[in-house]
**Q** 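Next up is a structure, given as structure tokens.
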Amino acid sequence: MNDSRAIAYFSMEIGLEAGMPTYAGGLGLLAGDMIRAAADLKVPLIAVTLLHRKGYFYQLLDASGWQHEEAVEWAVDDFLQELPQRAAVTIEGRDVHIRAWKYEVAGVSGFKIPVYFLDTDLPENSVEDRALTHYLYGKDQRYRLCQEVILGIGGVRMLRVLGHDEIARFHMNEGHSSLLTLELLDEAARKARRSSITRDDIAVVREQCVFTTHTPVPAGHDQFPMELVERVLGRREIYDYKDVFCCEGLFNPTFLALNLSRYVNGVARKHAEISRSMFARYAIDAITNGVHAATWAAPSFQALYDRYLPGWRQDNFSLRSALSLPQLEVWEAHIQAKKALLHYVNRETNAGMDVDVLTIGFARRAAAYKRWELIFTDLERLKKIARQAGNLQLIFAGKAHPQDQGGKEQIQRLVQAKEALKLEIKIAYLANYDMELAKLMTSGVDIWLNTPQPPLEASGTSGMKAAINGVPSLSVLDGWWIEGHIEGVTGWAIGEEGREASASHDSVTEATSLYDKLERIILPMFYRERDRFLTVMLHAIALNGSFFNAHRMVKQYVLNAYAQQPGNHKVFAG
Ligand SMILES: *Cc1c(COP(=O)(O)O)cnc(C)c1O
């Protein structure tokens, strides 16, 4: 197979269908959208991930609102095709055998991108090794390091066994796959008929690799003690290249990826800036995330765009013309999406929500920095707003990571706040947030709320999904919203403009701003100036849907990251 233009795209999680629980959240869905958009644009990507047979989890809440988890048993062969080839990696001195399952993502004109899911659950492996690909972000550090070996080293070996032997670029989506560089170094040495690696090999590998970082806090980057690394991987020459591999007795996959990539980017302009301050020696560019428009548009909006903006599926920039859409039909498409959501909410939770009431959506991982409770800072004020400025109802969703006690407490407090406000404001919490529910929610609410603690939201993508459906954001200025926000045009900011760079984000001030915007601007406009509200909806599509989509993102990766010429963005050698 001749793949001399192909790009191998490695990601620990990839979200392709709601029925395949192989993703935890934003990172995996971004990977899925990247692949879908590359297929539309006929960019020759080949994707590699792990199978996660005990899918990222089924969420149960008990009567007190506490989250419990169950593995999702899913019928792998209903979705994927098993391939006969086998590869192997050495872990703790043992051979661990790997099989691959294939999924194909077809683009709008039928161009296909293969996605390979690596799986060690084979009879020739020990019981323990068979479980190594079962759990996404599972168990302990050793388990996660073994997974990184399988993804990175096993992934490259599997690609070679499958006949992909002339790949031009290896793209690491987050640092989990950075051990792939070790396999590429060994390949480079073998090709030069040497048994040990040299600085020349490092230069050759660096020219092949691209790295996207997603994590704006140092604590979010994995670190493994070198003794664990040596136990799992064995002794390797690369450890002696301290400037490339190892810092102070710890292996940091992010640094390995930074040191061995020709091009590095963060996922929004602000995030790239934060990343440059965290990793001062590296040139870090920005490619702001985008979402795959045809995947995230509700059926009613797909039909509307097919009618008035034909070609939008091939070319998402067509959404730029959304200002010419007939307002009445946009409202009808919105009401259809809203009814689909409220029907689901009422069936699942018996919340009795009403399609005429302004509905706010909030769905994301239950992590402390997402500040789920900002809107509940002052319950009396919130009730007064609902009484005087106009009624509102709130829909929440999102899982806590199984080991995140704080996240689980947040969900529990939300369920309790829901009871306390029951008589004044209808609130629903929907379990098992996944792709399908995200699509229902981002298209079916009137306002998409986002209240992260800056600068911890690297990009955020759910607000982009909302924009594709004409749903304006009401959001703290962080991540992508710094770029997408035009006050009163594409949505509204929480907090003062121009303050996004400051470190002192005070929740009380921001809650006050959130209440002010709802009370003085959004509720009056929604209930009494519907045509103005519709104008904001149209601008969300025309200005943000047309730009914060995955077609634009993939084009930027092609131009800036994958381009054959070594670019200006070259990472400095150590
Ligand atoms: C889009 C999406 C996310 C990421 O949303 P953020 O805005 O980045 O928090 C997470 N989970 C699901 C199921 C999604 O569809």
Side-chain angles (χ1 to χ4, degrees), residues 11 13-34 36-37 55-59 72 136-137 173-174 212 214-216 220 266-268 270-271 288-293 295-298 341 361-372 374 395-401 404 407 410-411 430-445 447-469 471 473-485 491 544-545 548-550 553:
S11 185
E13 48 170 306
I14 300 183
L16 295 168
E17 298 183 23
M20 290 169 60
T22 57
Y23 61 93
L27 182 72
L29 289 165
L30 179 83
D33 279 358
M34 175 92 180
R36 285 182 272 271
Y56 198 80
F57 65 89
Y58 185 77
Q59 181 193 35
V72 189
L136 175 59
Y137 308 131
N173 186 43
E174 195 50 298
T212 301
H214 293 260
T215 314
V267 290
K270 172 77 175 181
H271 173 242
T288 302
N289 282 342
V291 298
H292 187 254
T295 297
W296 296 105
L341 171 64
F362 183 104
R364 43 197 40 92
R365 221 154 22 91
Y369 80 87
K370 304 267 194 185
R371 295 195 296 184
W372 279 41
L374 195 77
I395 304 173
F396 286 82
K399 298 172 179 173
H401 186 279
D404 183 359
Q410 206 168 344
I411 293 175
L430 301 171
N432 286 302
Y433 187 46
D434 67 1
M435 262 184 96
E436 240 161 72
L437 185 50
K439 184 164 170 177
L440 265 181
M441 283 185 71
T442 53
S443 62
V445 297
I447 295 286
W448 192 249
L449 179 68
N450 191 22
T451 53
Q453 173 77 52
L456 299 181
E457 180 96 315
S459 166
T461 50
S462 55
M464 302 174 184
K465 298 167 192 169
I468 297 280
N469 291 288
V471 172
S473 283
L474 169 59
S475 170
V476 166
L477 286 165
D478 197 18
W480 83 282
W481 189 234
I482 296 171
E483 297 162 53
H485 160 256
N544 287 347
F548 296 98
N549 60 66
M553 172 176 72

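Remember, it's 1-based here, ligands and their atoms both numbered in the order they're listed. Because the structure is predicted, anything quoted here is derived from the model rather than measured.
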**Q** Would Lys370 count as a contact residue for ligand 1, given that I'm defining contact as a non-hydrogen atom of the residue lying under 4.0 Å from a ligand atom?
**A** yes
**Q** Testing the 3.5 Å rule here: is there a donor-acceptor pair between the side chains of Tyr137 and Glu13?
**A** yes
**Q** With no hydrogens and no angle check, is any side-chain donor or acceptor of Arg36 less than 3.5 Å from a backbone partner on Ala31?
**A** no
**Q** Which residue holds the protein heavy atom closest to atom 8 (O) of ligand 1, what is that atom called, and what is the gap in Å?
**A** Thr461 N, 3.1 Å
**Q** Where is the nearest protein heavy atom to atom 11 (N) of ligand 1: which residue, which atom, and how far?
**A** Tyr433 CE2, 3.4 Å
**Q** Between His271 (side chain) and Val267 (backbone), is there a donor-acceptor pair under 3.5 Å?
**A** yes
**Q** Can you report which non-hydrogen protein atom sits closest to atom 15 (O) of ligand 1, along with the distance?
**A** Lys465 NZ, 2.6 Å
**Q** Does Phe362 have Arg364 sitting over its ring (NZ/CZ under 6.0 Å from centre, angle to axis within 45°)?
**A** yes
**Q** Which residue and non-hydrogen atom of the protein lie closest to atom 10 (C) of ligand 1, and at what distance in Å?
**A** Gly26 N, 3.5 Å
**Q** Is the charged tip of Lys439 near the ring of Trp296: under 6.0 Å from the six-membered ring centre and within 45° of its axis?
**A** no
**Q** Look at ligand 1 and say whether Trp296 reaches it with a heavy atom at a distance under 4.0 Å.
**A** yes
**Q** Need the ligand 1 atom indices (1-based, order shown) with element for anything under 4.0 Å from a heavy-atom of Arg364.
**A** 7 (O), 9 (O)
**Q** Just by distance, do the side chain of Asn432 and the backbone of Gln59 share a donor-acceptor pair under 3.5 Å?
**A** yes
**Q** Please state which protein non-hydrogen atom is closest to atom 12 (C) of ligand 1 and give its distance, to 0.1 Å?
**A** Leu29 CD1, 3.2 Å
**Q** Return yes if some donor-acceptor pair links the side-chain N/O of Thr451 with the main-chain N/O of Lys370 below 3.5 Å, else return no.
**A** yes
**Q** Nearest to atom 7 (O) of ligand 1, what protein heavy atom do you find, and at what distance?
**A** Ser462 OG, 2.5 Å
**Q** When you look for heavy atoms under 4.0 Å from ligand 1, do you find them on the side chain of Asp434, its backbone, both, or neither?
**A** backbone
